[in-house]
Amino acid sequence: MILIDTHTHLFLEHFDKDREEVIKDSIKNGVQKLFIPNIDSSTTKQVVKMGKDYPNICYPILGLHPTSVKENYKKELEDLEHWLAKEKFYGIGETGIDLYWDKTFIKEQEEAFRYQINLAKQTELPLIIHSRESFDEIFSIIDELNDDRLKGIFHSFTGSIEQAEKILSYKGFKIGIGGIVTFKNSGLADVVAKIGLEHLVLETDSPYLAPAPNRGKRNQSSYLTLIAQKIADVYHVDMETVAKITTENAKKLFQI
Ligand code: NI
């Protein structure tokens, strides 16, 4: 069984003491490929290093996270172009809009999102979208900029079936499902049941959002098996089937 964690922030300090062990443990559990989205210019070097230290296991993704969009965002965006010219990346992100933590920079968040959509189109790399309390804003920007080159993932999806259908109306996009699907009362499992496995990719978003029964602990890529098992239960199929289809989806999207 081969699973792919399409979203882990393995470069963060939460893993400084045991990063190597976390990767070994992940591989031992069948989670053999890890996609590593960036946060901002303070983490880019570490993201690049992960790809060099673990070739064919860790895949770096370059972007500016919406909660890192501040007064200096133009400088941050220029920095992305600099790195894109220099190193190999497998996606653009994470980007998007976050209206949960802070609305101060909403205009700047929108501008940084548009900029990264254009980067994704130019490079034909998948876009990793963070949408927290911001589906309407994100949909209106994608409606405007979508074309056949644009593809990607709505990461850590927690929306309604109507929002899932809107995402899938953009032909190039998959829905990223993480630990929240295992939380009782999240209601996400009922939504996922109506979406169809062919539209999903799996992710941990580690160190955040550990799936049950590890909820509240540090998350890590080996826990992707708990998410895959929950998805298998939702669709009444075995875990092999979930692994096969979601891994194929991820490989196709990231072209690996
Ligand atoms: Ni993330």
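Because the structure is a prediction, the values reported are computed rather than measured. Every number for a ligand or one of its atoms is a count from 1 in the order of the listing.
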Would you give me the side-chain donor-acceptor pairs under 3.5 Å for residues 221-232, sequence neighbours excluded?
{"residue": "Ser221", "atom": "OG", "partner": "Asp5", "partner atom": "OD2", "Å": "2.7"}
{"residue": "Ser222", "atom": "OG", "partner": "Asp25", "partner atom": "OD2", "Å": "3.3"}
{"residue": "Ser222", "atom": "OG", "partner": "Gln220", "partner atom": "NE2", "Å": "3.1"}
{"residue": "Thr225", "atom": "OG1", "partner": "Ser222", "partner atom": "O", "Å": "3.0"}
{"residue": "Gln229", "atom": "NE2", "partner": "Asp233", "partner atom": "OD1", "Å": "3.0"}

One thing to verify: whether Glu144 and Arg114 come together as a salt bridge, which I'm taking to mean a side-chain N less than 4.0 angstrom from a carboxylate O. yes
Are side-chain N/O atoms of Glu76 and Tyr115 paired as donor and acceptor at under 3.5 Å? no
Residue pair Glu71 / Phe105, side-chain heavy-atom distance below 4.5 Å: yes
Side chains of Met50 and Arg19: closer than 4.5 Å at any heavy-atom pair? yes
Atoms named by residue and atom, protein N, O or S, within reach of the Ni ion (ligand 1) (under 2.8 Å): His7 NE2, His9 NE2, Glu94 OE2, Asp205 OD1
So, the side chain of Ser26 versus the backbone of Val22: is there a donor-acceptor pair under 3.5 Å, distance only? no
